[in-house]
J.: 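One structure, as structure tokens, below. Some questions next.
Because only heavy atoms are used, hydrogens play no part in the values below, and waters and symmetry mates are left out as well, while side chains stay in.
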Amino acid sequence: MKIKNKYPLYIVSKGRSDTRLTSKALEKMGVPYSIVIEESDFNSYASVIDEKKILVLPEKYLDEYDVFDDLGRTKSVGPGAARNFVWDHSIKQGYKRHWVMDDNIMWFGRYNNNFKRPANTGAIFRAMEDFCDRYTNVAMAGPNYEMFIPRKAKAPPFIMNTRIYSCNLIKNNIPYRWRGRYNEDTDLSLRMLKDGWCTILFNAFLQKKITTQVLRGGNSEAFYDKEGTLPKSQMQIAMHPDVSKLVWKFGRWHHHVNYRPFKKNQLVRNEAALIPQGIDNYGMVLVSA
């Protein structure tokens with residue numbers, strides 16, 4: 001029996017109908033998804049993706065989005081507005097969690113016995129979903145970046161209470177929404193952690209992501225081509241000065257976040273959740289490429 005994800009998957013995309021990396025990855029895996037775009041991009045996306053998979057972002061989400069600065073819509077508000085739309089959309093569909101993903105992910109996979117293997121099944125999403133549903137206080141979770149897991153290094157199956165980037169499994173009935181023109185994923189993670197919620201960053205499951213500044217489209221032209229990374233890092237400091245600082249490394253400005261204060265956040269078991277005994281590989285087997 002093919003095991004599938006139980007919560008809906010959404011891709012937020014802009015100006016990347018020609019590449020659509022995440023879309024292609026999910027289609028190869030046989031995983032259903034919806035892709036959220038702005039109305040001006042509809043024709044270009046509809047020419048390469050089934051229109052039934054396309055959701056057009058209502059303008060009100062752009063108008064009402066909290067960009068966390070005084071510039072309003074004089075420049076791109078970033079992806080947070082579309083992420084808020086899919087949050088509401090999944091609630092209206094009756095789901096208790098949803099996935100929201102960037103549009104520049106090449107593949108999703110599994111890390112096991114120090115090997116990174118792309119997955120051709122949605123079972124990896126179901127495994128992460130089931131794990132989170134075993135606890136009542138996991139607000140957000142997701143797979144780690146493949147580049148952060150050296151193949152010959154030891155890594156635990158997951159890390160608790162840190163940031164979740166680019167591929168987010170979110171609990172719907174929590175009192176938050178995305179905000180900020182930049183760093184909306186770091187900000188959301190920190191607001192959850194400061195209120196005592198837990199986050200789960202899976203090392204057992206990975207995402208292979210192309211960086212925003214390498215792949216054209218998205219926020220490349222809107223932000224980074226003109227202004228670099230300094231405004232992004234400065235907004236992070238303004239949002240969370242208690243745990244953030246500005247650093248210069250690798251030839252550009254970065255923000256450094258201290259997650260140590262949140263290590264005390266503990267998981268709370270969901271007593272109604274059934275936990276199987278023994279090893280469950282969710283029907284996954286290792287095959288030759």
Side-chain angles (χ1 to χ4, degrees), residues 5-10 80 83-84 86-88 90-91 95-102 105 108 110-112 122-146 148-149 154-180 183-207 209 236 239-244 255-277 279-280 282:
N5 53 294
K6 57 183 176 182
Y7 298 126
L9 290 87
Y10 300 89
R83 292 180 178 185
N84 282 338
V86 304
W87 198 324
D88 291 344
S90 66
I91 290 174
Y95 292 100
K96 67 177 184 179
R97 297 185 191 270
H98 71 279
W99 291 93
V100 60
M101 304 175 177
D102 288 353
I105 302 172
F108 300 90
R110 184 171 175 179
Y111 181 62
N112 185 44
I124 63 169
F125 299 117
R126 180 59 176 269
M128 288 185 276
E129 293 168 344
D130 285 351
F131 184 91
C132 292
D133 284 346
R134 292 171 187 166
Y135 305 94
T136 61
N137 64 333
V138 175
M140 186 158 63
N144 204 348
Y145 288 163
E146 175 271 340
F148 290 163
I149 305 296
K154 291 183 178 180
F158 64 88
I159 300 170
M160 285 180 55
N161 304 332
T162 186
R163 88 294 181 270
I164 309 299
Y165 285 165
S166 302
C167 178
N168 308 71
L169 175 62
I170 299 173
K171 184 176 174 67
N172 280 343
N173 64 345
I174 52 178
Y176 309 98
R177 285 299 184 270
W178 299 90
R179 67 173 186 172
N183 302 312
E184 66 282 350
D185 36 24
T186 304
D187 170 65
L188 184 60
S189 298
L190 284 172
R191 282 188 286 147
M192 293 170 172
L193 293 170
K194 287 180 178 182
D195 286 345
W197 293 91
C198 290
T199 63
I200 302 292
L201 181 66
F202 288 97
N203 291 329
F205 305 104
L206 302 173
Q207 55 177 312
K209 185 175 183 290
Q236 173 61 35
M239 285 176 155
H240 300 279
D242 54 332
V243 292
S244 306
H255 55 268
H256 175 78
V257 178
N258 177 19
Y259 290 96
R260 287 193 296 272
F262 314 114
K263 296 305 178 184
K264 64 181 182 297
N265 296 9
Q266 296 296 312
L267 292 170
V268 177
R269 278 283 304 274
N270 178 4
E271 298 300 331
L274 298 176
I275 300 180
Q277 299 298 312
I279 297 173
D280 185 357
Y282 283 78

J.: May I ask you to decide if W197's main-chain N or O and D195's side chain share a donor-acceptor pair within less than 3.5 Å?
T.: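 Answer holds: no.
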J.: Could you walk me through whether R179 and E184 satisfy the side chain to side chain contact (heavy atoms under 4.5 Å, CB included) test, starting with their C-alpha distance in whole Å, then the side-chain angles of each, then the deciding distance to 0.1 Å, before giving a yes or no?
T.: CA-CA 6 Å; R179 67 173 186 172; E184 66 282 350; over 6 Å; no
J.: Checking side chain to side chain contact (heavy atoms under 4.5 Å, CB included) for the pair Y135/C198: CA distance, chi angles, key distance, verdict?
T.: CA-CA 10 Å; Y135 305 94; C198 290; over 6 Å; no
J.: Hey, does the side chain of N265 reach the backbone of L193 with a donor-acceptor pair shorter than 3.5 angstrom?
T.: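 Answer holds: yes.
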J.: Does I170 reach the side chain of Y176, with side-chain heavy atoms less than 4.5 Å apart?
T.: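 Of all side-chain heavy-atom pairs linking Y176 with I170, none is under 4.5 Å.
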J.: Is R97 close enough and on-axis enough to Y95, meaning under 6.0 Å and within 45°, for cation-pi?
T.: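 Judged by the rule, R97 and Y95 form no cation-pi pair.
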J.: Do Q207 side-chain atoms and I105 backbone N/O form a donor-acceptor pair below 3.5 Å?
T.: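 A pair under 3.5 Å: no.
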J.: Is there a side-chain contact between F108 and C167 in this structure, where contact means two heavy atoms from C-beta onward sitting under 4.5 Å apart?
T.: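 With C-beta onward as the side chain, the pair touches.
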J.: Between atom NZ of K96 and atom OG of S90, what is the distance when rounded to the nearest 0.5 Å?
T.: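 Atom-to-atom, K96:NZ and S90:OG are 13.0 Å apart.
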J.: Give a yes or no answer on whether the side chain of N5 reaches the backbone of R126 with a donor-acceptor pair at less than 3.5 Å.
T.: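 Between the backbone of R126 and the side chain of N5 there is no qualifying donor-acceptor contact (under 3.5 Å).
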J.: Looking only at heavy atoms, what is the nearest atom pair of N161 and Y259, with distance?
T.: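 Closest approach of N161 to Y259, heavy atoms only: O-CB, 3.9 Å.
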J.: With a 6.0 Å cut-off (strictly less than), is the heavy-atom count around CD1 of I275, excluding the residue itself, greater than 12?
T.: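 Enclosed: over 12 neighbouring heavy atoms sit under 6.0 Å from CD1 of I275.
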J.: With a 3.5 Å distance limit and no angle check, can you tell me whether N137 reaches the backbone of Q266 through a side-chain donor-acceptor pair?
T.: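 Looks like yes, one N/O pair under 3.5 Å.
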J.: Check whether any side-chain heavy atom of T186 lies under 4.5 Å from a side-chain heavy atom of H240, and answer yes or no.
T.: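 No, their side chains stay 4.5 Å or more apart.
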J.: Any heavy-atom pair between the side chains of K209 and E146 that's under 4.5 Å?
T.: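 The answer is no; the side chains never approach within 4.5 Å.
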J.: Is atom NZ of K264 surrounded by more than 12 heavy atoms (other residues, nucleotides or ligands) closer than 6.0 Å?
T.: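 Yes.
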J.: For M128 and I200, run side chain to side chain contact (heavy atoms under 4.5 Å, CB included): C-alpha distance rounded to whole Å, both residues' side-chain angles, the deciding distance at 0.1 Å, then the answer.
T.: CA-CA 9 Å; M128 288 185 276; I200 302 292; over 6 Å; no
J.: Any luck finding a side-chain donor-acceptor pair between D133 and Y7 under 3.5 Å?
T.: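 Present: a donor and an acceptor within the cut-off.
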J.: Hey, do the aromatic rings of F205 and F125 have their centres closer than 6.0 Å?
T.: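 No, the ring of F205 stays outside the 6.0 Å limit from the ring of F125, centre to centre.
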J.: Looking at side-chain heavy atoms only, is the closest gap between W178 and V100 below 4.5 Å?
T.: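 They are in side-chain contact.
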J.: When you compare the side chain of M101 with that of N168, does any pair of heavy atoms fall below 4.5 Å?
T.: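 No, their side chains stay 4.5 Å or more apart.
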J.: Can you tell me how far the CG atom of L206 sits from the CD1 atom of I149, to the nearest 0.5 Å?
T.: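 So the gap between those two atoms works out to 6.0 Å.
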J.: Do S166 and D185 meet the criterion of a side-chain donor-acceptor pair at a distance under 3.5 Å?
T.: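 Not at all, the side chains of S166 and D185 share no donor-acceptor pair under 3.5 Å.
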J.: If we ignore hydrogens and angles and just use 3.5 Å, is the side chain of K263 paired with the main-chain N or O of M160 as donor and acceptor?
T.: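 Side chain of K263 to backbone of M160, a donor-acceptor pair under 3.5 Å: yes, one is there.
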J.: Can you name the closest pair of heavy atoms from W99 and P143 and give their distance?
T.: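 For W99 versus P143, the nearest heavy atoms are CZ3-CD, 4.3 Å.
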J.: Less than 6.0 angstrom separating the ring centers of F158 and F131, yes or no?
T.: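 That pair passes the under 6.0 Å test.
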J.: Measure the CZ-CD distance between R134 and E271 for me, rounded to the nearest 0.5 Å.
T.: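 Going from CZ on R134 over to CD on E271, the span is 13.5 Å.
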J.: Write down the atom of H255, the atom of N183, and the distance for their closest heavy-atom approach.
T.: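 The pair with the smallest heavy-atom distance is CE1-OD1, 3.0 Å.
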J.: Return the minimal non-hydrogen interatomic distance between R191 and R177, and the atom names on each side.
T.: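 Minimum heavy-atom contact is NH2-O, 2.6 Å.
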J.: Kindly say whether P241 contributes a backbone atom to a donor-acceptor pair with the side chain of S244 at under 3.5 angstrom?
T.: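 Not confirmed, S244 side chain does not pair with P241 backbone.
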J.: Starting from the C-alpha separation in whole Å, work towards a yes-or-no answer on side chain to side chain contact (heavy atoms under 4.5 Å, CB included) for H98 and L169.
T.: CA-CA 6 Å; H98 71 279; L169 175 62; over 6 Å; no
J.: According to the interplanar angle, ranging from 0 to 90°, do the rings of Y145 and Y165 count as parallel (below 30°), tilted (30 to 60°) or perpendicular (above 60°)?
T.: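 Tilted, since the angle between the ring planes falls between 30° and 60°.
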J.: With the threshold set at 4.0 Å, does a side-chain nitrogen-carboxylate oxygen contact exist between D102 and R83?
T.: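 So D102 pairs with R83 through a salt bridge.
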J.: Quick one, I124 and Y282 - any side-chain contact, counting heavy atoms below 4.5 Å?
T.: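 Heavy-atom side-chain distance check fails, nothing below 4.5 Å.
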J.: Has T199 got a side-chain atom pairing as donor or acceptor with T162's backbone, closer than 3.5 angstrom?
T.: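 Yes.
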J.: Are the side chain of D280 and the backbone N or O of P276 linked by a donor-acceptor pair below 3.5 Å?
T.: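 No: the side chain of D280 does not pair with the backbone of P276.
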J.: Ignoring hydrogens and angles, state whether a donor on the side chain of N144 or N203 is under 3.5 Å from an acceptor on the partner side chain.
T.: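 A pair is found: one side chain offers a donor N or O, the other an acceptor, under 3.5 Å apart.
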J.: Verify, without hydrogens or angle tests, whether W87 (side chain) and N172 (backbone) share a donor-acceptor contact under 3.5 angstrom.
T.: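 Flag set: sc W87 to bb N172 pair under 3.5 Å.
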J.: Below 4.5 Å, heavy atoms only, C-beta onward: do Q236 and V257 meet side chain to side chain?
T.: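 They are in contact (side-chain heavy atoms under 4.5 Å apart), so the answer is yes.
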